[in-house]
> 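One structure, as structure tokens, below. Some questions next.
Not measured: the values here are computed from a predicted model. Chain letters run A, B, ... following the sequence lines, proteins first, then strands; residues in each count from 1.
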Number of protein chains: 2
Amino acid sequence: MPNQSTSLDLTFQALADPARRKMLERLSRGPAAVSELALPLTMSLPAVLQHLTVLETAGLVTSAKTGRVRTCQIAGPALAEALGWLDARRAEWEARFDRLEAYLNELKEGDSNG
Amino acid sequence: MPNQSTSLDLTFQALADPARRKMLERLSRGPAAVSELALPLTMSLPAVLQHLTVLETAGLVTSAKTGRVRTCQIAGPALAEALGWLDARRAEWEARFDRLEAYLNELKEGDSNG
DNA sequence: AAAATAGTTAAGTGTTGACTTAACTAATTT
DNA sequence: AAATTAGTTAAGTCAACACTTAACTATTTT
């Protein structure tokens with residue numbers, strides 16, 4: 001059975017690793033070379049490259065090579081999609097919470113009137 | 001070496017699975033029993049239980065048993081933490097974008113004045 | 001041209017993850 | 001009390017992950 005991952009699968013999976021989140025934190029402040037992303041990480045360069053591939057496959061990062069330097073950039077859409085999913089859950093959760101609150105207020109008013 | 005996962009690791013990891021996201025989508029509309037969460041999923045009940053454990057460990061869901069029924073609820077804070085991290089990245093990304101835009105506008109104005 | 005820099009590929013290892021089936025417990029219903 | 005329902009535990013399998021080292025390719029710099 002092929003493992004057909006959706007876009008959100010790949011995005012959240014990519015976000016689940018602390019090394020990859022550090023890379024994104026750096027990139028959200030501006031473009032950077034691979035070795036710059038590697039600096040704060042205590043792992044080999046090939047490992048960093050593998051993390052970069054995961055980020056690119058998820059669409060969270062794009063990169064291009066100039067000379068011998070590969071410059072990486074954060075990409076908006078994948079980030080926005082993940083944010084959108086989470087925000088939809090929060091919205092539903094809050095709507096439910098608000099309805100409950102309104103109901104409780106109604107109960108309280110009815111109580112003081114009866 | 002113990003694998004000390006942070007809260008965000010666990011949260012994003014939990015969100016990376018489509019079955020778990022479906023469970024959360026259901027729960028964001030209101031509490032539900034385990035078997036109700038299992039309904040739309042094409043897997044065994046034990047598998048659903050394992051997913052539920054992952055969600056609870058990540059703090060995304062709480063549950064309590066009454067009689068023979070376990071009722072599950074979505075939990076706000078873990079969701080908010082994940083949202084917060086993503087939103088911080090977007091904010092930084094947008095701030096940079098805005099600065100770039102302002103700079104380009106400045107260039108354009110300078111161009112028409114010189 | 002030689003040495004250093006920046007990145008890349010391949011291959012192997014140990015750990016987690018996502019299931020499964022089988023067997024079981026504890027509440028309800030009939 | 002017997003059958004059903006709802007959930008749980010244990011154990012095993014197979015694939016995916018997160019690395020590693022070794023060896024290699026391009027591009028600069030000296």
> Using whole Å, report how far CD of Glu36(A) lies from C1' of dT5(C).
15 Å
> dT5(C) P sits how many Å from Lys65(A) NZ, rounded?
16 Å
> Using only side-chain N and O atoms of His51(B), determine if any of them is under 4.0 Å from OP1 or OP2 of dG17(C).
no
> Quick one: on DNA chain D, does Thr66(A) or Thr71(B) contact a more 5' nucleotide (nearest heavy atom)?
Thr71(B)
> Grouping I, L, V, M, F, W and Y whenever their side-chain heavy atoms are under 4.5 Å apart, do Leu27(B) and Leu83(B) come out in a common cluster?
yes
> In whole angstroms, how far is the C1' atom of dC24(C) from the CG atom of Leu45(B)?
14 Å
> Are any of Arg68(A)'s side-chain N or O atoms less than 4.0 Å away from OP1 or OP2 of dT8(C)?
no
> Tell me the interatomic distance from Leu37(B), atom CG, to dG7(D), atom P, rounded to whole angstroms.
9 Å
> So Ala33(B), base contact, sugar-phosphate only, or nothing? Heavy-atom distance under 4.0 Å.
sugar-phosphate
> Go through dT20(D), dG7(C), dA22(C) for me and flag the one nearest to the Pro46(B) side chain.
dA22(C)
> Under the criterion side chain to side chain donor-acceptor pair (under 3.5 Å), which of Lys22(B), Glu56(B), Arg20(B) is the partner of His51(B)?
Arg20(B)
> Locate the shortest heavy-atom distance separating Leu45(A) from Val34(A); write the atom from each residue and the value.
CD2-CG1, 4.0 Å
> Report the nucleotide, chosen from dA18(D), dT20(D), dG7(C), that has the shortest atom-to-atom distance to any side-chain atom of Arg70(A).
dG7(C)
> Measure the distance from CG on Asp17(B) to P on dT16(C) and round it to the nearest whole Å.
18 Å
> Among dG7(C), dT21(C), dG17(C), which nucleotide sits nearest the side chain of Ser35(A)?
dG7(C)
> How long is the straight-line distance from CH2 of Trp85(A) back to CG of Leu86(B), given to the nearest 0.5 Å?
11.5 Å
> Ignoring hydrogens, what is the shortest heavy-atom contact between Arg89(A) and Leu24(B)? Give both atom names and the distance.
CD-O, 4.0 Å
> Quick check: any donor-acceptor pair below 3.5 Å linking the side-chain of Gln50(A) to the base of dC17(D)?
no
> To the nearest Å, give me how far apart CG (Leu55(A)) and C1' (dC17(D)) are.
14 Å
> If you assign Met43(A) and Gly67(A) each to the DNA chain D nucleotide with the nearest heavy atom, which residue ends up on the more 5' nucleotide?
Met43(A)
> Whether Ser44(A) contacts dC19(D) is assessed here as follows: a side-chain N or O lying under 4.0 Å from the phosphate OP1 or OP2. Is that the case?
no
> Leu49(B) has an atom CG; how far is it from atom C1' of dA10(D), in whole Å?
13 Å
> I need the CD-C1' distance between Glu56(A) and dG7(C), as an integer number of Å.
13 Å
